[in-house]
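Read through the structure below, which is laid out as structure tokens, and then see the notes.
Chain naming here is simple, since letters A, B, ... match the order of the sequence lines and numbering starts at 1 in each. When reading the values below, keep in mind they use all heavy atoms of this one structure, side chains included, and skip hydrogens, waters and symmetry mates.
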Protein chains: 2
Amino acid sequence: MALEHAILVSLAERSASGYELARRFDASIGNFWKASHQQIYKVLGRMETGGQVASELVEQDGRPDKKVYAITTSGRDELSRWVGTPTPAEALRSEFAVKLRALHLADPATLRADVGRRRVQHTEKLAYYEASRQKFYPDPAAVSPEALGGYLVLRGGMLAEQAGLDWCDEILGQLDTVDGAVR
Amino acid sequence: MALEHAILVSLAERSASGYELARRFDASIGNFWKASHQQIYKVLGRMETGGQVASELVEQDGRPDKKVYAITTSGRDELSRWVGTPTPAEALRSEFAVKLRALHLADPATLRADVGRRRVQHTEKLAYYEASRQKFYPDPAAVSPEALGGYLVLRGGMLAEQAGLDWCDEILGQLDTVDGAVR
DNA sequence: AGAACCATGTAATGCGTTACATGATTTC
DNA sequence: GAAATCATGTAACGCATTACATGGTTCT
């Protein structure tokens with residue numbers, strides 16, 4: 001049940017409405033954990049019943065009212081209990097890998113185009129992470145303890161994207177040599 | 001609906017019973033796409049109704065009978081259609097990343113132990129992949145076109161594990177410097 | 001005038017995990 | 001004698017996605 005914990009982490013950083021949380025899950029946190037607004041509203045409801053979060057109705061003019069959720073003491077307790085818990089190994093799951101395995105059934109040009117597209121996506125995401133890093137953590141040696149988590153998560157994303165990029169290059173290289181050998 | 005395609009890829013390589021497929025999903029294919037036997041049986045049933053696979057009952061002595069599934073022409077068509085389809089970008093989803101972000105709430109020693117455990121897991125998996133690579137693809141420059149997919153998938157796994165390992169090392173390094181600064 | 005943003009939800013369906021169920025054979 | 005392997009499933013539940021629904025405001 002990790003979405004609940006992701007929400008707790010986000011609300012511990014700053015209280016927010018369901019809508020605002022959904023926006024965050026599109027950006028910062030969402031780079032490593034996606035969630036739709038529908039799902040977030042549902043889980044927030046459950047968590048309020050459970051007492052981990054509390055909401056306050058905020059009226060706005062010219063905009064719909066919103067329910068701003070804050071983490072409660074009980075939620076904070078649950079969160080620190082959870083961070084002290086060992087994290088189980090995460091299985092990697094890749095549709096692309098499954099498809100790669102059946103590459104001999106594919107048209108080489110189509111496949112090359114697909115890998116190229118993927119390569120561009122990795123490059124763009126990497127550039128985006130790098131921009132965030134420069135903006136928020138200009139000096140990696142001087143990151144405050146509170147900000148260290150965010151920095152390290154970003155670094156993890158960068159390493160993952162770089163690995164994906166290297167993989168694409170290796171695939172493209174192999175496709176070329178095979179083609180060359182066939183001709 | 002990628003499990004169906006993973007099953008088609010596996011059956012295209014060799015016909016198998018649900019049980020045997022489940023074993024494969026524990027090993028080779030399963031390194032990149034996990035599935036339980038319950039799920040596999042369910043999906044196989046659906047796929048047989050849909051005509052992508054066909055089963056034949058094989059009686060055995062001293063062992064339970066088994067239903068051996070084979071890919072059909074229609075299944076093969078669907079498979080080659082699918083491999084020609086662009087693969088959508090896969091969001092990375094990591095409970096560990098969420099937890100990392102809240103690292104300031106954790107006890108440093110506990111956290112260090114958790115990261116160390118994770119580091120060992122990556123190291124072991126990497127060694128396992130490397131052993132597979134040496135066994136099945138001793139000469140990367142001479143991989144046959146049929147085997148290329150399997151080789152490249154393995155390489156992807158190795159790159160991902162290496163990135164995970166590097167991440168752990170970077171986290172441990174940062175935790176040390178922060179501790180050092182505090183004292 | 002149309003698109004995008006703000007804001008909150010319900011309903012249906014599908015995907016995945018966990019628990020339960022059975023029973024013979026082989027290996028330690 | 002106990003544990004693991006072979007073999008196939010059902011049932012319950014939870015997590016996630018997609019579609020549907022509403023309605024005002026701001027930007028282009």
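In this structure, the CD atom of Glu59(A) is 14 Å from the C1' atom of dA7(C), given to the nearest Å. Phe25(B) has its CZ atom 16 Å from the C1' atom of dT17(C), to the nearest Å. Between the CD1 atom of Ile40(A) and the C1' atom of dT17(D) there is a distance of 13 Å, given to the nearest Å. Atom CG of Leu3(B) and atom P of dC15(D) are 20 Å apart (whole Å). Leu21(A) has its CG atom 14 Å from the P atom of dC6(C), to the nearest Å. With rounding to whole Å, Glu90(B) atom CD is found 17 Å from dA16(D) atom P.
The distance from the CD atom of Glu170(B) to the CE atom of Met158(A) is 9.0 Å, given to the nearest 0.5 Å. One distance of note links CG of Leu103(A) with CG of Leu175(A); it measures 6.0 Å at 0.5 Å rounding.
Between Gln39(B) and dT17(C) there is a side-chain N or O to OP1 or OP2 distance below 4.0 Å. A close approach under 4.0 Å does not occur between any side-chain nitrogen or oxygen of Arg93(B) and OP1 or OP2 of dC15(D).
The pair Arg23(A)-Glu20(A) does not count as a salt bridge, with every side-chain nitrogen at least 4.0 angstrom from each carboxylate oxygen.
Looking only at side-chain heavy atoms (C-beta outward), Ile7(B) and Glu4(B) stay at 4.5 Å or farther from each other.
Relative to the ring axis of Phe96(B), Arg118(B) places its NZ or CZ within 45° and under 6.0 Å from the centre.
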Identify all pairs in which a protein N or O lies below 3.5 Å from an N or O of nucleotides 3-10 of chain D, and state each distance.
{"from": "dC6(D)", "atom 1": "OP2", "to": "Tyr19(B)", "atom 2": "OH", "distance (Å)": "3.0"}
{"from": "dA7(D)", "atom 1": "OP1", "to": "Gln60(B)", "atom 2": "OE1", "distance (Å)": "3.1"}
{"from": "dA7(D)", "atom 1": "OP1", "to": "Gln60(B)", "atom 2": "NE2", "distance (Å)": "2.4"}
{"from": "dT8(D)", "atom 1": "OP1", "to": "Lys67(B)", "atom 2": "N", "distance (Å)": "2.8"}
{"from": "dT8(D)", "atom 1": "OP2", "to": "Tyr19(B)", "atom 2": "N", "distance (Å)": "3.0"}
{"from": "dT8(D)", "atom 1": "OP2", "to": "Tyr41(B)", "atom 2": "OH", "distance (Å)": "3.1"}
{"from": "dG9(D)", "atom 1": "OP1", "to": "Lys67(B)", "atom 2": "NZ", "distance (Å)": "3.1"}
{"from": "dG9(D)", "atom 1": "OP2", "to": "Lys67(B)", "atom 2": "NZ", "distance (Å)": "3.2"}

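A chain of hydrophobic side-chain contacts below 4.5 Å, direct or via other Ile, Leu, Val, Met, Phe, Trp or Tyr residues, connects Val143(A) to Phe136(A).
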